[in-house]
There are 2 protein chains.
Amino acid sequence: MLPERFSAKNFDVAHIRSSCATCSLRELCLPVGLNEEEVETLGEVIVNKKKIQRGGYLHRTGAKFQALYAVKSGFLKTCVLEEDGRQQVTGFHMAGELLGLDAISTDMHTCDAVALEDSEVCEIPFSRLEDISRAIPSLMHHFHKIMSREIVRDHGLMLLLGSMKAEERLASFLLNMSRRFAIRGYSETDFNLRMTREEIGSYLGLKLETVSRAFSKLQEDAIITVNNKHVKILNLERLKLKMGNSSCGT
Amino acid sequence: MLPERFSAKNFDVAHIRSSCATCSLRELCLPVGLNEEEVETLGEVIVNKKKIQRGGYLHRTGAKFQALYAVKSGFLKTCVLEEDGRQQVTGFHMAGELLGLDAISTDMHTCDAVALEDSEVCEIPFSRLEDISRAIPSLMHHFHKIMSREIVRDHGLMLLLGSMKAEERLASFLLNMSRRFAIRGYSETDFNLRMTREEIGSYLGLKLETVSRAFSKLQEDAIITVNNKHVKILNLERLKLKMGNSSCGT
DNA sequence: CCCTTATATTGATTTTAGTCAAAACCGGAT
DNA sequence: ATCCGGTTTTGACTAAAATCAATATAAGGG
């Protein structure tokens with residue numbers, strides 16, 4: 001039931017003092033293999049727990065950067081906006097994921113982070129994280145990996161935005177959601193989306209009507225069923241095929 | 001003539017022993033304000049200088065990650081490819097910029113890096129950079145800023161790919177090139193592009209014909225002149241307007 | 001519970017970019 | 001200089017998604 005990562009050998013849950021630390025550790029140190037003392041050290045960094053109501057902002061563009069945020073529970077989106085009001089959702093974020101990496105660059109947040117459902121995050125003061133990184137090289141290295149992974153993820157999204165058709169984009173998106181739910185121990189074929197068609201569209205570079213049509217098309221083809229935000233994947237394999245081949249099949 | 005950054009107060013060119021170090025320092029430590037000793041230390045990290053011929057690969061997808069590369073001279077592109085042959089140029093890179101950040105994530109390069117003209121790069125062994133970061137906190141922090149900036153850059157590109165029309169994308173691209181040439185002391189209104197229309201198209205999520213038409217359109221409107229790879233920006237302000245407003249003006 | 005508002009679906013039409021094809025152009029090699 | 005392959009431009013046509021518009025459906029507040 002629980003995600004596989006929770007069984008990591010070097011990790012003993014008894015050493016984590018707050019449940020808040022747990023959430024950050026999941027992303028930040030579980031795969032590192034810290035010893036008990038190191039986990040203690042890190043646990044001390046993660047101080048504040050914040051609750052954000054559905055629709056509330058975790059941070060806004062331009063706000064001073066103080067801390068990274070590890071999502072403890074809930075679901076958030078991040079989005080950047082142009083002066084002319086154009087908006088782009090740059091990501092959806094669920095438990096165990098890290099937010100705010102973009103803000104290190106200029107000490108200001110470059111995007112809005114909005115809760116799509118009531119959420120909890122842990123604050124990780126960044127300067128303290130850097131200090132501790134010096135003492136724990138494996139933590140530093142792991143942090144670098146996390147940042148790098150974010151870059152790789154963005155490149156994947158650029159490929160999607162630059163070269164896929166509407167249906168392929170949606171298939172890709174659904175498979176991504178599916179995988180992330182699976183990692184967290186939820187069903188990979190049956191889930192509720194938290195975001196609107198418009199938000200999906202923004203993320204995928206499509207208008208909401210196009211997203212809706214793409215959903216309908218996948219349903220017609222009996223690859224998924226969709227009722228509003230509730231999605232069932234009937235045929236994972238065919239969904240993967242949809243993503244890969246614009247020329248092949250219907 | 002020389003970019004403004006070269007006059008940074010805490011930087012004395014006499015302490016840099018190899019010209020190779022110079023190139024990396026430009027990206028990696030100039031803005032940090034290292035003292036002389038620290039610059040020495042960093043200088044020792046940057047060992048190999050590599051030359052890559054036009055058309056040659058700096059690294060290929062899947063290759064083992066050993067080092068970051070700082071571009072010393074020349075011009076490179078990075079691109080990711082899908083199994084089905086689909087390709088997306090994820091960036092163009094010129095002197096002073098850092099390549100390979102994506103590879104930290106999995107210890108493998110996730111993209112190809114190809115020289116678009118004869119180029120030179122400095123190798124920065126990553127594990128040594130991490131070691132030295134421990135000794136020089138400001139260097140570590142600056143490195144984090146560089147990674148973060150890459151994420152911000154990617155978000156900008158996602159906004160472009162997700163919400164701009166062909167002409168806006170091209171305008172945005174030309175302004176980006178213009179700015180980067182300007183930083184390096186070259187003309188911001190008169191330059192030669194190193195990449196083909198196809199590569200520009202891939203980067204912008206457009207087909208080469210569409211790129212060509214967009215060039216022609218900007219020329220018709222007397223905003224630029226274009227002869228093959230040679231571009232002159234006649235009216236920077238109007239070019240900026242093109243980028244910002246899909247609805248406004250012709 | 002109903003009412004109001006936000007969200008989602010579907011259709012008709014227009015706009016945009018992609019595709020296919022031909023011609024012009026450029027640059028490097030002989 | 002000339003030839004050749006790769007690149008660029010332009011045109012005609014097609015495909016895809018955006019836009020406009022009308023309903024339909026769901027969700028939240030009183």
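Chain naming here is simple, since letters A, B, ... match the order of the sequence lines and numbering starts at 1 in each.
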*What orientation do F181(B) and Y186(B) show, parallel under 30°, tilted 30 to 60°, or perpendicular over 60°?*
perpendicular
*Would R60(A) count as a cation-pi partner of Y57(A), with NZ or CZ less than 6.0 Å from the six-membered ring centre and within 45° of the ring normal?*
yes
*Would you classify T196(A) as touching base, sugar-phosphate or nothing, given that sugar-phosphate means primed atoms plus P, OP1 and OP2, and contacts are heavy atoms under 4.0 Å?*
sugar-phosphate
*Whole Å only: how far is the CE atom of M164(B) from the C1' atom of dA17(C)?*
17 Å
*R194(B) CZ - dC26(C) P separation (whole Å)*: 19 Å
*asked:* Rounded to whole Å, how long is the line connecting atom CG of N228(B) with atom C1' of dC26(C)?
replied: 6 Å
Mind listing the N/O atom pairs, protein and nucleotides 18-21 of chain C, below 3.5 Å?
{"residue": "dG18(C)", "atom": "OP2", "partner": "K207(B)", "partner atom": "N", "Å": "3.2"}
{"residue": "dG18(C)", "atom": "OP2", "partner": "T210(B)", "partner atom": "OG1", "Å": "2.5"}
{"residue": "dT19(C)", "atom": "O4", "partner": "R213(B)", "partner atom": "NH2", "Å": "2.9"}
{"residue": "dC20(C)", "atom": "N4", "partner": "E209(B)", "partner atom": "OE2", "Å": "3.2"}

*Could you check how far CG of N227(B) sits from P of dG27(C), rounded to whole Å?*
10 Å
*Examine the side chains of D102(A) and S148(B) and answer whether a donor and an acceptor come within less than 3.5 Å of each other.*
no
*Give me the first and last nucleotide of DNA chain D, going 5' to 3', that has any atom under 4.0 Å from a heavy atom of chain A.*
dA16(D) to dA26(D)
*With a 3.5 Å cut-off and no angle check, do the side chains of H93(B) and T78(B) form a donor-acceptor pair?*
yes
*With a 3.5 Å cut-off and no angle check, do the side chains of S73(B) and E120(B) form a donor-acceptor pair?*
yes
*Could you give the CZ-to-C1' distance, from R169(B) to dT16(C), as a whole number of Å?*
11 Å
*How close or far is atom P of dC26(C) from atom CG of L193(B), stated in whole angstroms?*
16 Å
*May I ask you to check if R194(B) and F92(B) form a cation-pi contact, with NZ or CZ under 6.0 angstrom from the six-membered ring centre and within 45° of the axis?*
no
*Which class fits the ring pair H109(B) and F65(B): parallel under 30°, tilted 30 to 60°, perpendicular over 60°?*
perpendicular
*Just checking, is any N or O donor in the side chain of T61(B) or D112(B) under 3.5 Å from an acceptor N or O on the other one?*
yes
_S216(A) vs dT10(C): side-chain N/O to OP1/OP2 distance below 4.0 Å_ = yes
*Over how many whole Å does the gap from R54(A) atom CZ to dA6(C) atom C1' extend?*
10 Å
*Rounded distance in Å - NZ (K217(A)) to P (dG11(C))*: 14 Å
*State plainly whether the residues E97(B) and R184(B) are in salt-bridge range, i.e. N to O under 4.0 Å.*
yes
